[in-house]
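Taking it in order: structure first as structure tokens, then the write-up.
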Amino acid sequence: MYRLMFTGDLVTGFQRQEVIDNLAKRLEMSPDKVRKTLFTGSPVEFKTVDDKKAADHWRRDFADDGALLIVLPGDEDTPGGSRYAGADPANTNIEEPTIASTTARLDAVRRRNVAFMKLGAIAALIALVIIVTAWVIG
């Protein structure tokens with residue numbers, strides 16, 4: 001058995017209202033109800049599932065929507081006071097954002113990266129011309 005905990009943490013590149021709207025669609029709830037039930041300011045046990053596959057499925061779905069979901073073994077005690085509800089790092093799965101996932105969502109970042117790639121290609125072409133010219137002359 002696995003417990004799915006939501007702490008209110010978001011995936012890099014997502015805004016809070018965007019995540020609330022995404023989760024509302026996924027969970028077929030109103031945005032107000034999502035805000036009141038999940039974004040409470042303290043860890044919330046979202047769901048309990050029987051197998052690891054289902055837990056990982058929910059974790060990925062939440063990550064796609066911009067929310068970090070922590071997967072805890074169901075028999076693990078949850079001591080109070082911890083921001084992550086007593087999560088043991090060795091047994092906890094948190095979806096980490098990747099460069100590709102962040103750039104796929106942020107147009108400004110994608111445009112900047114394309115510009116850097118073009119500048120890199122131009123610099124490589126100039127270096128190649130200089131090398132070939134030096135080789136031909138020398």
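Any value given below was found using the heavy atoms of this structure, including those in side chains, with hydrogens, waters and symmetry copies removed.
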To the nearest 0.5 Å, what is the distance between OG1 on T7 and CG on L10?
8.5 Å
What do you reckon, are the aromatic ring centroids of W58 and F46 less than 6.0 Å apart?
yes
Set of side-chain hydrogen bond (donor to acceptor under 3.5 Å, both in side chains) partners for R16, sequence neighbours left out
none
Decide whether F116 and L125 are clustered together by the hydrophobic rule: side chain heavy atoms of Ile, Leu, Val, Met, Phe, Trp, Tyr closer than 4.5 Å, transitively.
no
Tested for side chain to side chain contact (heavy atoms under 4.5 Å, CB included) against K53, the lone hit among D51, D56, D50 is D51
Any chance you could measure L69, atom CG, to K47, atom NZ, to the nearest 0.5 Å?
11.0 Å
What's the shortest heavy-atom distance between F39 and L23, and which atoms?
CE1-CD1, 4.3 Å
Determine the minimum heavy-atom distance between V11 and A63, stating which atoms define it.
CG2-O, 3.9 Å
Give me the atom names and distance for the closest heavy-atom approach of G13 to E18.
O-OE1, 4.3 Å
Crowding at CD, Q15 (>12 non-hydrogen neighbours, <6.0 Å):
no
Please say yes or no: joined through hydrophobic side-chain contacts below 4.5 Å, possibly via intermediate residues, are V136 and L128 part of one cluster?
yes
Would you indicate whether the side-chain heavy atoms of I70 and L72 approach each other to under 4.5 Å?
yes
When rounded to the nearest 0.5 angstrom, what is the spacing between CD in Q17 and CG in N22?
10.0 Å
How close do Y2 and P73 get, counting heavy atoms only, and between which atoms?
CD2-CA, 4.1 Å
Kindly indicate whether the side chain of K33, heavy atoms from C-beta on, has any atom under 4.5 Å from the side chain of L27.
no
Got a second to check how far M5's CE is from E45's CD, nearest 0.5 Å?
5.5 Å
Testing the basics here: between A55 and V71, what is the closest heavy-atom pair and its distance to 0.1 Å?
CB-CG1, 3.7 Å
Interatomic distance, F14 atom CZ to D64 atom CG [nearest 0.5 angstrom]:
7.5 Å
What one should report as the nearest heavy-atom pair of V49 and L4 is CG1-CD1, 4.2 Å
Could you tell me the separation between the CZ atom of R35 and the CD1 atom of I20, rounded to the nearest 0.5 Å?
4.5 Å
